[in-house]
Every structure is written in structure tokens, then in C-alpha cells.
Amino acid sequence: GLTIFHGTKDTLICGCYGPVTAEINFVPNQKLALYDRPFGKKINEIENGKTVLITARNRVGRMLWFEVDGLGWTIWEYLQF
């Protein structure tokens with residue numbers, strides 16, 4: 001199943017218990033850029049505060065990236081689980 005971070009960066013849970021959602025936690029009244037892959041090019045934007053489905057996870061070095069709603073990738077710091 002999909003493995004994601006939940007609660008803290010050190011605690012892993014399995015997403016096999018059902019869909020995992022998060023809220024975009026960026027800057028009020030601003031849109032968060034989403035990328036085609038970790039450290040890739042900007043392909044989309046999403047509104048702050050929107051609830052999204054986590055569709056994939058990828059660790060690159062010390063950074064944890066999540067794909068949201070299949071629209072693009074962002075980092076852990078901009079998601080509220």
C-alpha cells in the first residue's frame with residue numbers, strides 16, 4: 001500500500017486503511033505551485049486551504065514530496081495531515 005508520514009516526520013503509517021487526505025497549508029489567499037516531479041518544473045497551482053487526496057509519496061534525500069490529487073508534487077511542509 002501507499003506509505004506516508006502522519007503526525008511527525010519520524011512516524012510512518014500505511015495508507016492501506018483507506019484514502020489519506022491533507023489540507024494545503026501555504027500562505028492565506030495564495031496558490032501553492034505544484035511540480036511535475038520532485039525538484040521538477042511547475043505544472044499547476046492549488047488554492048491554500050483545499051483538502052486534497054495524497055496520491056503518491058517520494059523521499060529525495062532529506063526532503064519528503066507528496067503528489068496531491070494527481071495534479072502535481074509538493075513538499076511535506078505545505079501539507080497539514
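Because only heavy atoms are used, hydrogens play no part in the values below, and waters and symmetry mates are left out as well, while side chains stay in. As the structure is a prediction and not an experimental result, all values here were calculated from the model. In this chain, numbering begins with 1 at the start of the sequence shown.
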Check: Is Ile43 linked to Val52 within one hydrophobic cluster, defined over Ile, Leu, Val, Met, Phe, Trp and Tyr using a side-chain heavy-atom separation of less than 4.5 Å?
Finding: no
Item checked: Over all atoms of both residues, closest heavy-atom pair of Leu64 and Arg57 -> CD1-NH1, 3.4 Å
Margin query: Just verifying a value: how many Å separate Trp73 CH2 and Asp36 CG, rounded to the nearest 0.5 Å?
Written below: 10.5 Å
Note to self: Restricting to side-chain contact (heavy atoms from CB on, under 4.5 Å), what partner residues turn up for Glu23, sequence neighbours left out?
What the structure shows: Gln80
Margin query: So which atom in Ile46 and which in Leu71 form the shortest heavy-atom distance, rounded to 0.1 Å?
Written below: CD1-CD1, 4.3 Å
Margin query: Donor-acceptor pair, distance only, cut-off 3.5 Å: does the side chain of Asp69 make one with the backbone of Leu53?
Written below: yes
Margin query: Enumerate the side-chain hydrogen bond (donor to acceptor under 3.5 Å, both in side chains) contacts for residues 41-53, please, sequence neighbours excluded, ordered by first and then second residue.
Written below: Lys42-Glu45
Check: In chain order, what residues pass the ring-ring contact (aromatic ring centres under 6.0 Å, His included) check against Phe26, with sequence neighbours excluded?
Finding: Tyr78
Margin query: Looking at every non-hydrogen atom in both residues, tell me the closest pair between Ile54 and Ala22 and how far apart they are.
Written below: CD1-CB, 4.0 Å
Item checked: side-chain contact (heavy atoms from CB on, under 4.5 Å) between Leu79 and Ile24, intermediate numbers included -> CA-CA 5 Å; Leu79 298 169; Ile24 300 297; 3.8 Å; yes
Notebook entry, point to check: How far apart are the closest heavy atoms of Pro38 and Val60, and which atoms are they?
Noted result: CB-CG2, 3.7 Å
Notebook entry, point to check: Using the ring of each side chain (for Trp, its six-membered ring), is Phe81 parallel, tilted or perpendicular to Trp76, with breaks at 30° and 60°?
Noted result: parallel
Notebook entry, point to check: Looking only at heavy atoms, what is the nearest atom pair of Gly40 and Tyr35, with distance?
Noted result: O-CD2, 3.4 Å
